Amino acid sequence: MASINLAVEFFKEDFLQAIGAGIYEIGVRKSGKSVPLYIGESTFVLVRCAAHLYHLRKEPALFGFEEDTINDPSITLSFHLLKSEEDKQARKKRETELVKERHPISQSGRRDSQKPIEEKIEALRQFLQSC
C-alpha cells in the first residue's frame, strides 16, 4: 500500500448529511485552484467514500495519482456532498447530469464510467501543472 501525504477534507461542511444516501464529489485542490476528480452516488455516502480512500491508498493510479503526487502535501483531496437523495432512480439520473455538467477529470463523461488509468494520470498531471 502506498503512503499518502496529501491533505484530505472528508465532508468538512456536510458530515452528518453524508451519512445517508446521495450524490458526492471528490475534488482536487492546489494553489487555490480546484477541479472535480470524481462524482458518484451511493446509498451510504460516508461508507462509499471511506472505501474510495482505502482504494486510493491501495492503488493511487485508479484516481490518477502517482508516487510524487500522492505524497504532495500542497494537494488537497476533498469529499463533499452535492445532494442528499434517497430515491435511487433520481440519484442515478442526477449523478449522470452532474458528470456531464462538471466534467470530472477521472471520468469519461458517461455516468460514472472511468477513463483508462493513463488518461487519468495525464489529466491530473495537467491540472496540477496549471496550478
Side-chain angles (χ1 to χ4, degrees):
M1 274 198 203
S3 64
I4 297 177
N5 194 26
L6 49 81
V8 176
E9 290 178 357
F10 198 69
F11 298 98
K12 185 177 175 182
E13 303 294 323
D14 41 19
F15 188 81
L16 292 177
Q17 294 87 350
I19 291 171
I23 304 158
Y24 60 90
E25 179 178 279
I26 303 171
V28 177
R29 187 172 63 244
K30 183 173 180 167
S31 303
K33 291 177 73 175
S34 63
V35 67
L37 180 65
Y38 179 84
I39 293 174
E41 64 81 24
S42 179
T43 304
F44 301 105
V45 172
L46 280 178
V47 173
R48 180 67 182 121
C49 289
H52 283 310
L53 278 175
Y54 171 79
H55 287 95
L56 176 69
R57 186 165 180 226
K58 188 175 178 186
E59 195 170 346
L62 291 175
F63 291 91
F65 286 92
E66 298 176 288
E67 190 171 336
D68 62 329
T69 54
I70 198 74
N71 287 300
D72 184 342
S74 70
I75 297 171
T76 300
L77 188 68
S78 63
F79 292 78
H80 64 274
L81 187 67
L82 296 174
K83 181 173 179 22
S84 293
E85 179 60 66
E86 293 294 327
D87 180 80
K88 187 173 184 171
Q89 282 186 309
R91 199 170 59 236
K92 289 193 172 288
K93 181 178 186 254
R94 186 63 183 136
E95 173 198 26
T96 300
E97 293 168 352
L98 286 165
V99 168
K100 288 178 183 175
E101 289 169 17
R102 294 181 178 243
H103 308 285
I105 62 173
S106 72
Q107 289 171 288
S108 68
R110 294 179 318 272
R111 211 175 142 271
D112 63 354
S113 297
Q114 297 285 305
K115 291 179 180 175
I117 287 177
E118 299 79 24
E119 288 181 32
K120 288 190 240 185
I121 290 170
E122 182 59 28
L124 182 58
R125 192 152 293 285
Q126 283 180 9
F127 166 71
L128 295 172
Q129 288 173 352
S130 75
C131 295

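On a predicted model such as this, the values are computed, not experimentally measured, just so you know. The figures that follow rest on heavy atoms only: side chains count, while hydrogens, waters and symmetry mates do not.
Nearest heavy atoms, Ser3 versus Asn71: OG-OD1, 3.2 Å. Heavy atoms only, all atoms of each residue included: Lys100 and His103 are closest at O-CE1, 3.0 Å.
With rounding to the nearest 0.5 angstrom, the OG atom of Ser31 is 9.0 Å from the CD1 atom of Ile75. Within the model, atoms CG of Leu37 and CG of Leu77 stand 6.5 Å from one another, a figure rounded to the nearest 0.5 Å.
A salt bridge is defined here as a Lys NZ or Arg NE, NH1 or NH2 lying under 4.0 Å from an Asp or Glu carboxylate O, and Arg94 with Glu97 meets this definition. A salt bridge does not link Arg91 with Glu95: every distance from a Lys NZ or Arg NE/NH1/NH2 to an Asp or Glu carboxylate oxygen is 4.0 Å or more.
Qualifying ring-ring contact (aromatic ring centres under 6.0 Å, His included) partners for Phe65, counting only residues two or more places apart in sequence or in other chains: none. In this view, His52 and Tyr24, Tyr38, Phe63 satisfy the ring-ring contact (aromatic ring centres under 6.0 Å, His included) rule, not counting sequence neighbours.
At a threshold of 4.5 Å between non-hydrogen side-chain atoms, the residues Leu53 and His55 do not count as touching.
Under the salt bridge (Lys or Arg N to Asp or Glu O under 4.0 Å) criterion, the residue pairs touching residues 71-84 are Lys30-Asp72, Lys83-Glu85, with sequence neighbours excluded. The list of salt bridge (Lys or Arg N to Asp or Glu O under 4.0 Å) pairs with a residue in residues 44-65, not counting sequence neighbours, is empty.
Remark: the backbone N or O of Ile39 is paired with a side-chain donor or acceptor of Gln107 at under 3.5 angstrom.
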What verdict does the side chain to side chain contact (heavy atoms under 4.5 Å, CB included) test give for Arg102 and Leu82, after you've listed the backbone C-alpha separation in whole Å, the side-chain angles of each residue and the deciding distance to 0.1 Å?
CA-CA 12 Å; Arg102 294 181 178 243; Leu82 296 174; 3.9 Å; yes
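Atom CD of Glu101 has more than 12 neighbouring heavy atoms from other residues, nucleotides or ligands inside a 6.0 Å radius.
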Pairs of donor and acceptor atoms involving the side chains of residues 4-19, under 3.5 Å and at least two apart or interchain, shall be tabulated with distances.
{"residue": "Glu9", "atom": "OE1", "partner": "Arg29", "partner atom": "NH2", "Å": "3.4"}
{"residue": "Glu9", "atom": "OE2", "partner": "Arg29", "partner atom": "NH2", "Å": "2.7"}
{"residue": "Asp14", "atom": "OD2", "partner": "Leu81", "partner atom": "N", "Å": "3.0"}

Check: residues 118-131 side-chain donor-acceptor pairs under 3.5 Å, at least two apart:
{"residue": "Lys120", "atom": "NZ", "partner": "Leu62", "partner atom": "O", "Å": "2.5"}
{"residue": "Lys120", "atom": "NZ", "partner": "Gln114", "partner atom": "OE1", "Å": "2.9"}
{"residue": "Glu122", "atom": "OE2", "partner": "Gln126", "partner atom": "NE2", "Å": "3.0"}
{"residue": "Arg125", "atom": "NE", "partner": "Glu66", "partner atom": "OE1", "Å": "3.1"}
{"residue": "Arg125", "atom": "NH1", "partner": "Asp68", "partner atom": "OD2", "Å": "3.4"}
{"residue": "Arg125", "atom": "NH2", "partner": "Glu66", "partner atom": "OE1", "Å": "2.5"}
{"residue": "Arg125", "atom": "NH2", "partner": "Asp68", "partner atom": "OD1", "Å": "3.0"}
{"residue": "Arg125", "atom": "NH2", "partner": "Asp68", "partner atom": "OD2", "Å": "3.1"}
{"residue": "Ser130", "atom": "OG", "partner": "Lys33", "partner atom": "NZ", "Å": "3.1"}
{"residue": "Ser130", "atom": "OG", "partner": "Phe127", "partner atom": "O", "Å": "2.6"}

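Val47 and Phe79 are not part of a single hydrophobic cluster, where members link through side-chain heavy atoms under 4.5 Å apart.
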